[in-house]
Amino acid sequence: MAAPLSEQTIAIIKATAPALQQHGVEITTRMYARLFENEDVRAMFDQAAQDSGEQPRRLAAAILGYAQNVDKLQNLTGAVARMVQRHVDTGVKAEHYPLVAEALLPAIREVLGEEAATDEVLAAWGEAYWFLADILIGKEAEAYAEREGA
């Protein structure tokens, strides 16, 4: 289990929530464009949900929910369980998480600009991303093991 998020990181993440509410879909749309440069990753996704904008909207809502509840993670239990189920159903593995981080963090800076998405903000989001990713990876590993044992 990852170390808890620092108070500074929590404060920065919560402070970015209004920008995410305003620009979240643009961020996730750009993130997916970067991510889908990898054809193997692209093939894992329902392209109809991409084309309709449903998937970028869903992810933007999830990121916003995380930002708003980063200090109350118990509020995200249901959302995390649904994400884990979806990830296992689509074959997401631990090795995919760095690819998402490499697409998400630059997309945040690209959309919000360097004045808003400072190095400090991106470092906080990197810490927060990996904190949540570690939770998801652990729960997904358990779910995969249960499937294999079933």
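Along the sequence shown, the residues carry numbers beginning at 1. Here the structure is a predicted model, which means the values were calculated and not measured. Side chains included, hydrogens not; waters and symmetry mates left out as well; all remaining heavy atoms used.
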Asks: Which value, rounded to the nearest 0.5 Å, describes the distance between Trp130 atom CH2 and Ile137 atom CD1?
Replies: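 Trp130 atom CH2 to Ile137 atom CD1 measures 5.5 Å (nearest 0.5 Å).
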Asks: To check you understand the geometry: which heavy-atom pair defines the closest contact between Pro106 and Ala101, and what is its length?
Replies: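 Of all heavy-atom pairs spanning Pro106 and Ala101, the closest is CD-O, 3.9 Å.
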Asks: According to the salt bridge (Lys or Arg N to Asp or Glu O under 4.0 Å) rule, which pairs have a member within residues 74-94, sequence neighbours left out?
Replies: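 Non-adjacent pairs meeting salt bridge (Lys or Arg N to Asp or Glu O under 4.0 Å): Asp89-Arg147.
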Asks: Indicate the atoms forming the closest heavy-atom contact of Glu127 with Pro4, along with that distance.
Replies: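 For Glu127 and Pro4, the tightest heavy-atom pair comes out as OE2-O, 4.4 Å.
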Asks: Do Phe131 and Val70 come close enough that some side-chain heavy atom pair is under 4.5 Å?
Replies: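 No - every pair of side-chain heavy atoms lies 4.5 Å or more apart.
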Asks: Under the ring pair (Phe, Tyr, Trp, His ring centres under 6.0 Å) test, which residues partner Tyr144, sequence neighbours left out?
Replies: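 Per chain and number, Tyr144 pairs via ring pair (Phe, Tyr, Trp, His ring centres under 6.0 Å) with no residue.
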Asks: Looking only at heavy atoms, what is the nearest atom pair of Ala143 and Val88, with distance?
Replies: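 Closest approach of Ala143 to Val88, heavy atoms only: CB-CG2, 3.7 Å.
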Asks: Could you give all pairs that pass the salt bridge (Lys or Arg N to Asp or Glu O under 4.0 Å) test and reach residues 42-54, with sequence neighbours left out?
Replies: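 Qualifying pairs: Glu54-Arg58.
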Asks: Would you say Phe36 ends up clustered with Ile63 if hydrophobic residues are merged whenever their side chains have heavy atoms under 4.5 Å apart, either directly or through other cluster members?
Replies: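 Result: yes, single cluster for both.
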Asks: Under a plain distance cut-off of 3.5 Å, with no hydrogens placed, do Tyr97 and Glu140 share a side-chain donor-acceptor pair?
Replies: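 The answer is yes; a qualifying pair exists.
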Asks: Would you give the length of the straight line joining atom CD1 of Ile27 to atom CG of Leu104, rounded to the nearest 0.5 angstrom?
Replies: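 The distance works out to 7.5 Å.
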Asks: Roughly how far, to the nearest 0.5 Å, is the CD atom of Glu120 from the OG1 atom of Thr9?
Replies: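 Here the rounded value is 8.5 Å.
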Asks: Please round to the nearest 0.5 Å and tell me the distance separating atom CD of Glu37 and atom CD of Glu102.
Replies: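 Between Glu37 CD and Glu102 CD, I get 11.0 Å after rounding to 0.5 Å.
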Asks: Going by the salt bridge (Lys or Arg N to Asp or Glu O under 4.0 Å) test, which pairs reach into residues 59-74, not counting sequence neighbours?
Replies: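 Checked against salt bridge (Lys or Arg N to Asp or Glu O under 4.0 Å) - neighbours excluded - the pairs reaching residues 59-74 are Lys14-Asp71.
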Asks: Will you find, in the side chains of Tyr32 and Gln50, an N or O donor that is under 3.5 Å from an N or O acceptor?
Replies: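 Not at all, the side chains of Tyr32 and Gln50 share no donor-acceptor pair under 3.5 Å.
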Asks: Within a radius of less than 6.0 Å around CD of Glu115, do more than 12 heavy atoms belonging to other residues, nucleotides or ligands occur?
Replies: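 No - once you tally the heavy atoms of other residues, nucleotides and ligands closer than 6.0 Å, there are 12 at most.
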Asks: Test Leu59 against Met31 for side-chain contact (heavy atoms from CB on, under 4.5 Å), laying out the working first.
Replies: CA-CA 10 Å; Leu59 181 58; Met31 182 214 76; 3.6 Å; yes
Asks: Looking at NE2 of His96 and CG of Asp40, how far apart are the two atoms once the value is rounded to the nearest 0.5 Å?
Replies: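 Rounded to the nearest 0.5 Å, the NE2-CG separation comes to 8.0 Å.
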Asks: Using the side chain to side chain donor-acceptor pair (under 3.5 Å) criterion, which residues pair with Thr29? Sequence neighbours excluded.
Replies: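 Thr29 satisfies side chain to side chain donor-acceptor pair (under 3.5 Å) with no other residue.
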Asks: How many angstroms lie between NE2 in His23 and CG in Leu64, if you round to the nearest 0.5 Å?
Replies: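 His23 NE2 to Leu64 CG: 12.5 Å, rounded to 0.5 Å.
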Asks: Mind checking what makes side chain to side chain donor-acceptor pair (under 3.5 Å) contact with Glu114, not counting sequence neighbours?
Replies: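 Counting only residues at least two positions away or on another chain, Glu114 forms no side chain to side chain donor-acceptor pair (under 3.5 Å).
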Asks: For Glu26, check salt bridge (charged side-chain N to carboxylate O under 4.0 Å, His left out) against everything at least two apart and list the hits.
Replies: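 Glu26 satisfies salt bridge (charged side-chain N to carboxylate O under 4.0 Å, His left out) with Arg30 once adjacent residues are dropped.
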Asks: Counting C-beta onward and ignoring hydrogens, is there a side-chain heavy-atom pair between Ile135 and Val84 closer than 4.5 Å?
Replies: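 Sidechains of Val84 and Ile135: no contact.
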Asks: Who are the side chain to side chain contact (heavy atoms under 4.5 Å, CB included) partners of Ala81, not counting sequence neighbours?
Replies: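 Residues passing side chain to side chain contact (heavy atoms under 4.5 Å, CB included) with Ala81: none at all.
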Asks: Tell me, please, which residues at least two apart from Ala117 pass side chain to side chain contact (heavy atoms under 4.5 Å, CB included).
Replies: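 Result, side chain to side chain contact (heavy atoms under 4.5 Å, CB included) vs Ala117: Ile108, Arg109, Leu112, Leu122.
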Asks: Considering residues at least two apart in sequence or located in another chain, which fulfil the side chain to side chain contact (heavy atoms under 4.5 Å, CB included) criterion with Leu132?
Replies: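 In terms of side chain to side chain contact (heavy atoms under 4.5 Å, CB included), with neighbours along the sequence ignored, Leu132 is linked to Tyr66, Val80, Leu136.
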Asks: Tell me every residue that passes side chain to side chain contact (heavy atoms under 4.5 Å, CB included) with Ala67, counting only those two or more places apart in sequence or in another chain.
Replies: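 Per chain and number, Ala67 pairs via side chain to side chain contact (heavy atoms under 4.5 Å, CB included) with Ile13, Ala17, Leu20, Trp125.
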Asks: Which residues satisfy the side chain to side chain donor-acceptor pair (under 3.5 Å) test with Asn75, sequence neighbours excluded?
Replies: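 For Asn75, the residues satisfying side chain to side chain donor-acceptor pair (under 3.5 Å) (neighbours in sequence not counted) are Asn69.
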